[in-house]
There are 2 protein chains.
Amino acid sequence: MKITEASKACGLSVYTIRFYERSGMLPEIDRGSDGHRRFTPRHVEWLTLLYWLRETGMSLKQMRRFTTLAKEDGAGIAERRQILAGHADTLKSKRAMLEKCESVLAIKIASYGPAHEEDAK
Amino acid sequence: MKITEASKACGLSVYTIRFYERSGMLPEIDRGSDGHRRFTPRHVEWLTLLYWLRETGMSLKQMRRFTTLAKEDGAGIAERRQILAGHADTLKSKRAMLEKCESVLAIKIASYGPAHEEDAK
DNA sequence: CATTTGACCTAGAGTTGCTCTAACCCGTTA
DNA sequence: TAACGGGTTAGAGCAACTCTAGGTCAAATG
């Protein structure tokens, strides 16, 4: 699979995938005889996880650490679990933040007085 | 009130407050005879709203637009309401994203096998 | 009275995490 | 044959901070 297809499959832009590779956040990617990257389903699975992690605010630094552990394989499982569990915790507080903000917005919107039908058109 | 106090009250760093002022996202801020900014409770209220908007991912561009409308006052209410309502909508989908990611993480963590007591220490 | 401390000021450099451009290569297709 | 549609790299540009350097001033301290 080439980069465009991988991009569509994982949700990251081709720019971002190349950037992540340069930044050492991806496992080895083989090249075809044409010099183009060849992505396996395992790569796509990895990219998809990274997509979720970045989309929900994990830093590149942490993602790099996570990838490094995966490369070492075996020994790093405990720390990888810890990174993901820690991130899951931050997601909980992010969700609370969003809820809080939604209520702040609701109050603010209400403070503008009742909506006029005309405004919505 | 000076900048440090305002910063503590609204949640934005003093750097960010100054940056927001330079970027035209704040109403006029008066200066004391010492040249230092003087923040009123209204400023703090405004900064706090901006804090929530940025913390939940609104772009500076949109925040600038929002501030511009507030400066004009009166006529802009409809569009301001629309901006906030639109943002409230994006928060809903963000919240759905987080939930989705939380379940992705739970599956991934489970795939590492049962946690060892030793790992948690 | 002199100086040092601390809070503020500005301009501008540095950082993170992309995002895009320029210039190039290579295989197919008209 | 040349031009099109992918891919490649290096590096510039951008958003949104974040911090540093060098300065002012007011109050506290030696």
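Numbers restart at 1 for each chain; the letters A, B, ... are given by sequence-line order, proteins then strands.
Nearest to the side-chain atoms of A:F19 among the listed nucleotides C:dC18, C:dC20, D:dC19 stands C:dC18.
Going from atom CG of A:L60 over to atom C1' of C:dT19 covers 14 Å, rounded to whole Å. At whole-Å resolution of the value, NZ in A:K61 and P in C:dT16 are 9 Å apart. Following rounding to the nearest Å, B:L12 (CG) and D:dC19 (P) show an atom-to-atom distance of 14 Å. The CG-C1' distance, from B:L26 to D:dC17, rounds to 14 Å in whole Å. Between A:D34 atom CG and D:dG7 atom C1' the separation is 7 Å, expressed in whole Å. With rounding to whole Å, B:M63 atom CE is found 7 Å from D:dC17 atom P. Between A:R31 atom CZ and D:dG7 atom C1' the separation is 10 Å, expressed in whole Å. For A:R37 and C:dC25, the CZ to P distance is 17 Å, given to the nearest whole Å.
Between A:H36 and A:Y15, the residue whose closest nucleotide on DNA chain C is further toward the 5' end is A:Y15.
When heavy atoms are screened at a 4.0 angstrom cut-off, B:S13 is found touching no nucleic acid atom at all. Heavy atoms of B:S59 sit under 4.0 angstrom from primed sugar atoms or phosphate atoms, though from no base atom. When heavy atoms are screened at a 4.0 angstrom cut-off, A:T4 is found touching the sugar-phosphate backbone but no base atom.
Side-chain atoms of A:R38 and base atoms of D:dG7 include no donor and acceptor less than 3.5 Å apart. Counting atom types as modelled, A:R18 pairs no side-chain N or O with a base atom of D:dG7 as donor and acceptor under 3.5 Å.
When the shell of 6.0 Å around NZ of A:K71 is examined, it contains more than 12 heavy atoms from other residues, nucleotides or ligands. Remark: A:E99 CD is packed, more than 12 non-hydrogen atoms of other residues, nucleotides or ligands lying under 6.0 Å away. The environment of A:R31 atom CZ is dense: over 12 non-hydrogen atoms of other residues, nucleotides or ligands sit within 6.0 angstrom.
In terms of phosphate contacts, A:Y20 brings no side-chain nitrogen or oxygen within less than 4.0 Å of OP1 or OP2 of C:dG17. Residue A:R54 places at least one side-chain N or O under 4.0 Å from the OP1 or OP2 atom of C:dC18.
The side-chain hydrogen bond (donor to acceptor under 3.5 Å, both in side chains) with B:T56 is formed by just one residue from the set B:K94, B:R95, B:H87; it is B:H87.
Taking the side chain as every heavy atom from C-beta outward, B:K92 and A:E102 approach each other to under 4.5 Å.
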